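Since the structure comes first, as C-alpha cells, the remarks are kept for the end.
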Amino acid sequence: MNKLLPILLAILITSCSIDIDTVDNNRQYNIDLAQDWMDNLFIHSDFESARSQMHSEFTFTYMGITETGGIPYTKDVFINDYLPIVGELLPNGIVLTTTDVIADENGVALMQTGDSEGINGEYDNQYVFTFKMKDGLIHTVEEFNSDLLVATRLYRNELLPLD
C-alpha cells in the first residue's frame with residue numbers, strides 16, 4: 001500500500017491541475033477585449049465594433065445612486081439610448097486612462113481616471129468598470145464612480161444639509 005500511495009497521489013494531482021497557460025491566455029484576452037471595447041466607445045466612436053464585442057444577452061448597469069443608476073440596459077438600449085445621454089453631458093468627450101487592472105479567466109476590472117469638460121464645466125472622476133465575459137464576448141458591464149460628482153457637476157443637483 002505504501003508504494004501505491006505516491007502513484008495515486010501523482011494521478012490525483014495531475015488530473016486536478018490547472019493549465020496555467022490557458023488561464024493566462026484567457027485572462028489576457030479578457031483584458032484586451034475590455035480595453036478595446038472602451039477604446040471603441042470613447043476614443044474611436046466605433047459603436048458597431050463595440051456592439052460586435054457584446055454578447056447577445058449583454059447588460060450595462062451604472063451603479064451610482066442617480067436617476068439612471070441601478071438599471072440594467074440591454075445592448076441596443078445602451079448603444080442607442082444611454083450613450084447619447086453621456087454624449088450630451090460630455091459634448092467634447094472624455095479621456096479615460098486605465099490606471100490598474102484586475103482580471104481572471106472570467107472577467108476584468110478596469111480602474112480608470114476620467115478627464116473631461118462637462119456641460120457645467122470641468123468634470124474629472126475616478127472609475128471602475130467591471131466586466132464579466134461569456135462565450136468570448138462581454139456579457140455584463142457595471143460602472144462605478146463618484147455619483148456625487150455626476151449629480152453635482154453634470155446634472156447640477158445641489159447638496160442640501162440634512163436637518
Side-chain angles (χ1 to χ4, degrees), residues 23-24 26-163:
V23 169
D24 284 345
N26 288 345
R27 178 184 172 276
Q28 189 59 51
Y29 174 83
N30 290 342
I31 293 169
D32 294 343
L33 179 60
Q35 187 63 61
D36 192 48
W37 184 77
M38 295 295 289
D39 292 349
N40 281 331
L41 291 176
F42 297 105
I43 294 175
H44 310 300
S45 298
D46 185 352
F47 301 133
E48 288 311 307
S49 290
R51 184 187 301 270
S52 73
Q53 297 169 312
M54 299 156 77
H55 194 275
S56 62
E57 300 168 354
F58 171 89
T59 59
F60 172 88
T61 307
Y62 173 61
M63 301 305 290
I65 302 171
T66 65
E67 295 173 14
T68 60
I71 302 167
Y73 295 95
T74 64
K75 180 192 311 193
D76 290 334
V77 173
F78 174 73
I79 295 285
N80 299 330
D81 299 336
Y82 187 86
L83 283 178
I85 292 170
V86 173
E88 290 172 15
L89 296 171
L90 304 170
N92 298 323
I94 185 168
V95 176
L96 292 168
T97 303
T98 300
T99 58
D100 205 356
V101 175
I102 300 171
D104 64 15
E105 66 274 12
N106 299 311
V108 176
L110 294 179
M111 280 66 71
Q112 299 184 315
T113 59
D115 181 28
S116 61
E117 192 73 24
I119 59 172
N120 298 312
E122 186 164 339
Y123 170 72
D124 299 333
N125 210 335
Q126 304 289 320
Y127 298 86
V128 175
F129 291 91
T130 62
F131 295 78
K132 292 294 182 185
M133 310 310 187
K134 183 176 179 181
D135 303 327
L137 297 169
I138 299 168
H139 186 254
T140 62
V141 177
E142 293 180 335
E143 176 186 349
F144 299 85
N145 65 18
S146 170
D147 51 8
L148 181 62
L149 283 176
V150 170
T152 58
R153 297 299 296 153
L154 296 181
Y155 288 100
R156 283 195 177 171
N157 291 340
E158 293 183 24
L159 298 179
L160 300 174
L162 296 175
D163 294 319

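The analysis underlying the following values was restricted to heavy atoms, covering all of them including side chains, and did not include hydrogens, waters or symmetry mates. From a predicted model like this one, the values you see are computed outputs, not experimental measurements.
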Can you measure from CG (Asn92) to OH (Tyr123) and round to the nearest 0.5 angstrom?
-> 15.0 Å
Side-chain (Asp36) to main-chain (Asp32) donor-acceptor, under 3.5 angstrom = no
Calculate, to the nearest 0.5 Å, the distance between atoms OG1 and CG belonging to Thr97 and Leu110 respectively.
-> 12.0 Å
Would you name the heavy atoms of Asn40 and Ser49 that are closest together and state the gap between them?
-> ND2-CB, 3.7 Å
Consider only side-chain N and O atoms of Thr113 and Gln126, and report whether a donor and an acceptor are under 3.5 Å apart.
-> no
Here the gap from Gln35 atom CD to Gln112 atom CD, rounded to the nearest 0.5 Å, amounts to 6.0 Å
Any donor-acceptor pair under 3.5 Å from Asn125 side chain to Gly114 backbone = no
Counting only N and O atoms by type, is there a donor-acceptor contact under 3.5 Å from the side chain of Tyr29 to the main-chain atoms of Gly136?
-> yes
Checking Asn30 side chain against Asp104 main chain: does a donor-acceptor pair fall under 3.5 Å?
-> yes
After noting the C-alpha distance and the side-chain angles of Met133 and Ile138, does the key distance pass the side chain to side chain contact (heavy atoms under 4.5 Å, CB included) rule?
-> CA-CA 5 Å; Met133 310 310 187; Ile138 299 168; 3.9 Å; yes
Take Val101 and Val108, measure what side chain to side chain contact (heavy atoms under 4.5 Å, CB included) needs, and give me the verdict at the end.
-> CA-CA 7 Å; Val101 175; Val108 176; 4.1 Å; yes
Kindly give the heavy-atom pair with the smallest separation between Gly93 and Ser116, and that separation in Å.
-> O-CB, 3.4 Å
Is there side-chain contact between Thr140 and Glu142, with heavy atoms separated by less than 4.5 Å?
-> no
Is there a side chain to side chain contact (heavy atoms under 4.5 Å, CB included) between Ile119 and Glu88 once you walk through the steps?
-> CA-CA 8 Å; Ile119 59 172; Glu88 290 172 15; 5.9 Å; no
Worked check of ring-ring contact (aromatic ring centres under 6.0 Å, His included) between Phe60 and Trp37 = CA-CA 13 Å; Phe60 172 88; Trp37 184 77; 7.1 Å; no
Enter the distance from Ile94:CD1 to Phe42:CZ here, rounded to the nearest 0.5 Å.
-> 7.0 Å
Take atom CD1 of Ile43 as the centre, draw a 6.0 Å sphere, and report whether it contains more than 12 heavy atoms from other residues, nucleotides or ligands.
-> yes
Would you check if the side chain of Asp115 reaches a backbone N or O of Asp124 as a donor-acceptor pair within less than 3.5 Å?
-> no
Yes or no on side chain to side chain contact (heavy atoms under 4.5 Å, CB included) for Thr130 and Ile102, after CA distance, side-chain angles and deciding distance?
-> CA-CA 9 Å; Thr130 62; Ile102 300 171; over 6 Å; no
Taking all non-hydrogen atoms of both residues into account, name the closest pair between Gly118 and Pro91 and its distance.
-> C-CD, 4.5 Å
Mark yes or no for whether Asp135, through its side chain, and Leu137, through its backbone, hold a donor-acceptor pair below 3.5 Å.
-> no
To the nearest 0.5 Å, tell me how far Leu89 CG sits from Tyr155 OH.
-> 4.5 Å
Spell out, as yes or no, whether a donor-acceptor pair under 3.5 Å connects the side chain of Arg51 to the backbone of Lys75.
-> no
Interatomic spacing from CD in Glu105 to CG in Asn26 - rounded to 0.5 Å | 7.0 Å
Which of parallel (below 30°), tilted (30 to 60°) and perpendicular (above 60°) describes Tyr82 and Phe78?
-> parallel
Do Tyr73 and Asp81 come within less than 4.5 Å of each other through their side chains, counting heavy atoms only?
-> no
Nearest heavy-atom pair of Glu122 and Arg153: which atoms, and what distance?
-> O-NH2, 2.9 Å
